[in-house]
Amino acid sequence: MSVLQKIIGTVAQFIPDKEPDPLMHKHGYIGKPFNRVDGPLKVKGEAHFTAEFKIENLVYAALVCSTIAKGRAVRIDASEAEKVSGLIAVITYENVPAMKAPSLLDVSDTSKGFAASDLPVLQDNKVNWDGQPVAVVVAATLDQAEYAASLVRVEYETETPTVSFDGLKTEAVVPSDILGEPPEVTIGDADKGFTEAEVTVDNIYRTPRYNHNAIEPHATIAAWNDDGSLTVFDSTQAVNEYKYTLAKIFSLKPEEVQVIAPFVGGGFGGKAGMWNNTVLCAAAAKVANRPVKLVLSREGVFRVVGGRTIAEQRVALGANKDGRFTALVHTATTATTTHGRYAEQCTFPARHLYASDNLFIGQKVVNLDTLANTWMRAPGESIGTFALESAIDELAYKLKIDPIELRSINEPEKDPTKGTEFSSRNLVEAYSRGAEKFGWSRRNFEPGWQREGKWLIGQGVATAYYPVYRFPASARVRISADGTAMVQASANEMGMGTATVQIQHAAERLGLPIDKVSFHYGDSALPQSPMAGGSNQTLSVVAAVQAAIEKAQNEMLRLVGEDYISELSRGKHERVEAREGGLFRTDDLKTGETYSAILQRAGQDFIEVEASGGMPFELMTYSMGSYGAHFCEVRVDEESGEVRVSRWLGSFDCGRILNPKTAVSQFRGGIIMGIGMALTEETLFDERKGRIMNPSLAEYHVPVNLDVPHIEIIYNDIPDEHTPLGAHGVGEIGITGAAAAIANAVFHATGKRVRELPITLDKLL
């Protein structure tokens, strides 16, 4: 047994400290604002993230990354590096273990692979982007590994890279699909509807490249066990997907790979698809024949891990004077790579938000010689809503109709492109509640009407939208004779509150006090969960836990069987309910038994079952989404152009809110990322060299405390009867529409319309 295996199973299991209200479990736990169960460990510094595990015989790896965008590494000179004390190996394409090329991430079947690029990893001397790893240095200490890596000299044979988005956008091509959906959608005749419209807007909107910058850089610890199996600790949001991908690359069976992610310090999509660092850490461990740790520096994350694509979008809207749309056109061009092939779905919101008899939606891609682009919080919808919601605000001013009223006028009865019923859509109510709370009616329609000294003040609004996703998942439930229960699923926790909500759900469904229920997760050896992304995980795991608990309770009733001693003899699941630590008859509230009594009489210490949540057929039947309305107020310095967000209210329609405290935190987090997207964030890219120019937190400006106002959150809390527990996802939606709300508020304050993010001083002076 390896050192790694000895600590597996102890890294991610949570039991709440105590029940905050002794009467709460009588009335249920779902919908209550519980603190995150992992909070105390994190506050006390006892939550071990990937890079913090102490492993015997551990050695360290550092990457040597290319400094050209395209070509070949014709000579790698490691002679000086080999003189460094503690050096174990310098791994290049000449001595790296044979590895199969990974398969691209596929949300329809994650067992096929989940890599961000399908290029072979260090199997030849080709260079495909600036920053691609061309060597791995392994040494006894991190300092020795990094110093030795700095001494490796690489000679390149360069080729002319294709790195200019603007230079190639006229040659953009239509992709085969966009996340499995058609890249183009046509309803009616959009050109004719636009031509015949009484009022039109037709503009181009641009968003730059963005990078995730999670607080925890990517880290991996890999070890090969005596039986040839592979154990990997990784800061991933997709333990199962990594398991399958690593198994393919190293020609292993999936059960021969175990991926563990006990705590993940933020992901936002950047830790979903597998990147080269994880593969190279496992390869280095094979060469060194010892456990290896590889932690990317902040700059290393920019070089090795992709971000959000640059995008150029056209939105053309035609309407009659009453505000009804006669045409809606939303087209876009984004950048990708031939080895990544990800067309970010920025036209998806326009497919589902507004009614129009004539509609055309289309996307094209430009293939560049760069690091593969990937998912970033609300991929597609975040930048897509910036363009769409800015255009709607522009049309509202042309029509002289309040922007909220214009959206209400074009509220569809059915999904505009799918033609299906909405499973739950209360967006108009979210707007109404938000407008009242924000004081929207006090806003003067005309731009530039309000100021305080040198500060111009404006208010803006925009719609938030993100689709509902749910994937098949499994869960294991153990009910013990001591009155406790344990739930297991391989789900990931990145600070969203996954463990907390699953414990709340299980405790309520089992009828147990919440401090008697634990949740084990973050390990691919546990029952399979989908990745933590796309706001799917809570719903997916909830459905599996529900199925497992029902199976466990039926097993309890089977134990009772024809036992006439039991008051539940010959009971059926539909005739009992869980409460007070056991099962009780619904037709006789006093008749029932605790789980402990049933198990003790049967002579069993526990029962344990596993079940799956089943296929999400509701997604094929209904149009399903989370919705919201952003209201914000900005102040713009008339002299300098400085923009300050001074007030924010988000009003959301996301089904039933399972834990208000963790959900509100997610809404706020998304909004803060939206503020960064609108005002401060931009990955600067040198189109001469194909190199990122600001790969650090000193130069890539994420929002800081002074950039963020008090953010008030309200929500409808109306359950969707077609989803598990009536809930929708909440992790992604906060960022959608946020940048547009700011841009619209800036226009209201200054009269200047900014259609290219970020909104920097030069664009307002």
Side-chain angles (χ1 to χ4, degrees), residues 1-9 11-12 50 53 55 91 96-123 220-262 271-292 294 471-476 488-492 520-532 540 544 608 610-613:
M1 178 180 289
S2 70
V3 174
L4 285 176
Q5 288 172 314
K6 292 177 183 177
I7 61 174
I8 292 169
V11 292
T50 295
F53 283 97
I55 308 297
I91 304 168
V96 72
M99 297 181 286
K100 294 179 180 178
S103 297
L104 288 177
L105 50 85
D106 184 348
V107 294
S108 65
D109 185 356
T110 57
S111 66
K112 293 179 179 178
F114 219 70
S117 164
D118 62 6
L119 287 172
V121 181
L122 206 63
Q123 296 297 293
T220 308
I221 297 175
W224 291 86
N225 304 309
D226 295 339
D227 60 0
S229 63
L230 174 63
T231 303
V232 174
F233 283 82
D234 197 277
S235 54
T236 173
Q237 55 196 89
V239 290
N240 285 296
E241 290 78 3
Y242 273 37
K243 174 184 73 175
Y244 290 120
T245 305
L246 288 168
K248 176 183 177 180
I249 291 171
F250 290 100
S251 300
L252 299 171
K253 297 176 182 177
E255 57 268 24
E256 294 176 320
V257 179
Q258 186 172 9
V259 179
I260 305 162
K271 295 175 181 173
M274 182 178 289
W275 303 95
N276 280 14
N277 59 292
T278 301
V279 181
L280 291 173
C281 185
K286 182 176 276 289
V287 171
N289 198 29
R290 291 171 65 176
V292 171
L294 174 57
F471 299 108
S474 298
R476 184 180 300 129
Q488 294 181 325
S490 59
N492 286 97
H520 299 221
Y521 70 92
D523 186 337
S524 66
L526 298 175
Q528 185 160 316
S529 301
M531 69 156 183
S540 301
E608 184 174 280
E610 186 172 329
S612 299

task: Check whether any side-chain N or O of Gln123 sits under 3.5 Å from a backbone N or O of Val121 as a donor-acceptor pair, and report yes or no.
output: yes
field: Closest contact, heavy atoms only, Thr236 versus Asn492
entry: O-ND2, 3.0 Å
message: So which atom in Met531 and which in Ala272 form the shortest heavy-atom distance, rounded to 0.1 Å?
response: SD-CB, 4.0 Å
- prompt: Any side-chain heavy atom of Thr220 sitting closer than 4.5 Å to one from Val232?
  reply: yes
query: Is there a donor-acceptor pair under 3.5 Å between the side chain of Tyr242 and the backbone N or O of Gly273?
result: yes
message: Can you tell me how far apart CG (Asp523) and CD (Gln258) are? Round to the nearest 0.5 Å.
response: 4.5 Å
- request: Specify the closest pair of heavy atoms between Met274 and Leu246, including all atoms of both residues, with the distance to one decimal.
  value: CE-CG, 3.5 Å
field: Donor-acceptor contact below 3.5 Å, side chain Thr50 vs main chain Phe233
entry: no
task: Rounded to the nearest 0.5 Å, what's the gap from NZ on Lys271 to CG on Asp234? Could you check?
output: 9.0 Å
statement: CG of Leu294 to CG of Leu280, rounded to nearest 0.5 Å, is 7.5 Å
field: Atom of Ile260, atom of Thr231 and distance for their closest heavy-atom approach
entry: CD1-CG2, 4.2 Å
field: Backbone of Val257 reached by a side-chain donor or acceptor of Ser229 within 3.5 Å
entry: no
Candidate list Thr245, Val279, Asn276, Leu119, test side-chain contact (heavy atoms from CB on, under 4.5 Å), partner Pro102, passing option: Thr245
Heavy-atom check, side chain of Pro527 versus side chain of Gln488, under 4.5 Å: yes
Mutual orientation of the aromatic rings belonging to Trp224 and Phe250 [parallel < 30°, tilted 30-60°, perpendicular > 60°]: perpendicular
query: Of all heavy-atom pairs between Tyr521 and Pro262, which one has the smallest distance, and what is that distance?
result: OH-O, 3.3 Å
query: Distance from Lys243 atom NZ to Lys253 atom NZ, nearest 0.5 Å?
result: 14.0 Å
statement: Per side-chain hydrogen bond (donor to acceptor under 3.5 Å, both in side chains), Ser474 is matched among Ser612, Ser540, Ser529 by Ser612
- prompt: Going by atom types alone, do Ser524 and Asn240 pair a side-chain donor with an acceptor below 3.5 Å?
  reply: no
query: Hey, what do you get for CG (Asp109) to OG (Ser103), rounding to the nearest 0.5 Å?
result: 10.0 Å
field: Residue pair Lys248 / Ala101: nearest heavy atoms and the distance that separates them
entry: CE-O, 3.5 Å
